[in-house]
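Report on one structure; see the data block that follows.
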Protein chains: 2
Amino acid sequence: MTNIKKVSELAGVSTATVSRTLKMPDMVTARTREKVMQAVREAGYRPSWLATSVKTGRTNTIVVLVPNLVNPFFMRIIGGIEQAAQERGFTVLLCDTQGDSKRESDYASMVLTNRADGLIQLDHSFPFSDDDAKLAETIPMVSVCERIHAEKKYPVVSLDNYAASRSLAHHLVSYGHRKFAVIVGQVVSQIHKDRLSGLRSVLAEEEIVFDENMIVGESYSIENGIEGMRQLLEKTQRPTAVICFNDDIAIGAMHEIHRQGLKIPDDISVVGFDNVKVSAFLNPPLTTIDQPAYEMGRRGMELLSDLINTVPLTRSSEMLPFQLLERKSSGPAPV
Amino acid sequence: MTNIKKVSELAGVSTATVSRTLKMPDMVTARTREKVMQAVREAGYRPSWLATSVKTGRTNTIVVLVPNLVNPFFMRIIGGIEQAAQERGFTVLLCDTQGDSKRESDYASMVLTNRADGLIQLDHSFPFSDDDAKLAETIPMVSVCERIHAEKKYPVVSLDNYAASRSLAHHLVSYGHRKFAVIVGQVVSQIHKDRLSGLRSVLAEEEIVFDENMIVGESYSIENGIEGMRQLLEKTQRPTAVICFNDDIAIGAMHEIHRQGLKIPDDISVVGFDNVKVSAFLNPPLTTIDQPAYEMGRRGMELLSDLINTVPLTRSSEMLPFQLLERKSSGPAPV
DNA sequence: TGTTAAATTGTAATCGATTACAATTTGATG
DNA sequence: CATCAAATTGTAATCGATTACAATTTAACA
């Protein structure tokens, strides 16, 4: 391994001069700079990131906890994080937690072991134990999407799920729908509560009765969409409008509707959340809520960077705007 | 920060004893072990990963270069890599190169700066320059999928693209198709060549004339599928069977076919490669080649681990088996 | 040319661990 | 109880950088 000592000998200077040449070139004469750079090239020298980090106490790395890397929605967020990270000289360490809480604390503790400077949480389960809660207070941390605990000790960048849900409900009500159903994802979460109460508020205003049995589902997956739709279609009173809590669920729901020989949107309207790429190219294209995922990621990274550099934060939580994309999977209620 | 010194003082022993207690507990008496562990708990001490790594010269981290994190096919590979990595005590650093060659060398050079121990390449563009080629020879590196250079200096885990392509062609020929078209992805690659020659070989055997103008496309994206299909449908002689070089392209192609009011598979059969999750839930479900992505990732990580630990490799290259999944997007040729 | 301040370079401590080697303690044995 | 080997613990060097401080060189000015 070529280290700084070897280079310093090659150039006939001290290690300090080599270090300075590379980190603050203005501090050395043009002549020595030449000599050193020549030696660096000759030896093919690259400073050890490890050694630099151990000395400076900064890794310029941040950890992102992702519940599911396969979900393209999270990937859009991560795209935003990476962009902002790159601009600020941070490297992103992606950690797929698979919803496994042990993995989550393992990865989260990387910040404690000097492996990363901060943490972005896309899930909503960490911190789940008291130990973790203590941990969360001592490390720079930002949540993008939501967090479950009421007393937020760290900044949160999220969507206005309540308003987004109302927007979808209004859209469907305006098409004359009165028989609603919902296929939900993970139940224990703020997202879940906000979206449900958004829907309920619109239905109450419109004086539409909502059958609580029309809430089914338990995870953000295609399979859950299929199973949820199957359950809904078994009911005596078939719904005419189904709100899916993400696009994967909607894809599954649409698949099951087609399988049973029904038509979208003629028989049933289906809407989703997230606007993943493929949703625009389904048959029919899916009506959904476009979340500003990229922007959320960007903003989350900006906040985290400020936290790490102990820049005082102006606001601790932010809500970004959404957009209702009306496509062909929703239409007039059947007569 | 609580460091080993503080703990050693708390426990009334030397730093060496603390280190030994944590790394080789058998070397210390039960009594001192107790004392030290108590102090560790009390101080909430965690050894600095940075310091440990700089001393041992091992980071137990590997870098994975991914052309596009949003593609679920790559994510399946990464799932396999992560599994094998975890079993061997490695952490995976995911790098989305976006096809940007500068980013690629940047990330690749992490291995040179003691930031990672090895590299897995999912793309086929690195190493592209001579500098990189030299780099590739000095660091532990494995390619999962393919590499472009002929003289392979490192192990490759891939699919038998030639055979897979033949399998699709046979499937379509058996349905009576004689007018073929192809929508390709990235052109400059071994994958491209192998798949094309696989198709050609079957058509030659079956004495079917292949019109070279029926090859369109330039990238592995939904948009490219749409545009490619648009071009194909403009031709005077419409194809009855379209082979897409990945499922994203197929999704775009199907979307365009539907948009023009044609039916799948009645008018045109569409097939893909990869078997991404959503392909089974499209309308109609997509006939495709299932690549053992997870297994490819696993195997790649196993090979890399052996390289890093300088275990002699038994084989340098491996081809894993594929499976043709016949679904509803392909059927008898129209009469 | 001599004096002094500024710019450049070198020496050595430091970051937080690990580990070779030395020192000490323990325990077995006669 | 003395002796010696084995087990345990401590001291200090080390990994590869950075940086405070000291030493030296350069430049400016009288």
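By convention in this document, chain letters (A, B, ...) are assigned in the order of the sequence lines, proteins followed by strands, and residues within each chain are numbered from 1. These numbers come from a predicted model, not from an experiment.
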Side-chain N or O of A/Thr56 closer than 4.0 Å to phosphate OP1/OP2 of D/dT18: no
On DNA chain D, nearest-nucleotide positions of A/Lys55 versus B/Val28: which is more 5'? B/Val28
Side chain of A/Ser48, backbone of A/Ala51: donor and acceptor closer than 3.5 Å? yes
Length of the line joining B/Arg31:CZ and D/dA7:P, which is rounded to integer Å: 19 Å
Tell me: OH of A/Tyr45 to C1' of D/dT18, nearest whole Å? 10 Å
Walking DNA chain D from its 5' end, the first of B/Gly12 and B/Ala51 to be reached, judged by nearest nucleotide, is B/Gly12
Nearest-angstrom distance from the residue atom CG of B/Leu50 to C1' of D/dA17: 12 Å
Counting side-chain heavy atoms from C-beta on, which of D/dT9, C/dT11, D/dA17 comes nearest to A/Ala16? C/dT11
If you take atom types as modelled and just measure distance, does the side chain of A/Arg20 reach the base of C/dG10 with a donor-acceptor pair under 3.5 Å? yes
Separation of B/Lys6 atom NZ from C/dG16 atom C1', in whole Å? 12 Å
Do A/Leu159 and A/Pro292 make a side-chain contact, defined as non-hydrogen atoms from C-beta onward lying under 4.5 Å apart? yes
Mark yes or no for whether B/Thr21, through its side chain, and B/Thr17, through its backbone, hold a donor-acceptor pair below 3.5 Å. yes
Under 3.5 Å, side chain of B/Ser19 to main-chain N/O of B/Thr15, donor-acceptor pair present? no
Whole angstrom is fine here: how far is it from NZ in B/Lys5 over to C1' in C/dT14? 11 Å
Check the distance between C/dC15's C1' and B/Ile4's CD1 and give it to me in whole angstrom. 13 Å
Side chain of B/Arg88, backbone of B/Ala84: donor and acceptor closer than 3.5 Å? yes
Short side-chain N/O contact to C/dT9 OP1/OP2 from A/Thr29, under 4.0 Å: yes
Would you indicate, yes or no, if D/dT18 has its OP1 or OP2 atom less than 4.0 angstrom from a side-chain nitrogen or oxygen of A/Lys23? yes
Output the rounded distance in Å from CE (A/Met27) to P (D/dT18). 13 Å
With a non-hydrogen cut-off below 4.0 angstrom, is B/Ser53 in contact with a base, only sugar-phosphate, or nothing? nothing
Just N and O in the side chain of A/Ser19: are any of them under 4.0 Å from OP1 or OP2 of D/dT18? yes
Determine: side-chain N/O of A/Ser48 to OP1/OP2 of D/dG16, distance under 4.0 Å, yes or no. no
A/Asn3 has an atom CG; how far is it from atom C1' of D/dC15, in whole Å? 9 Å
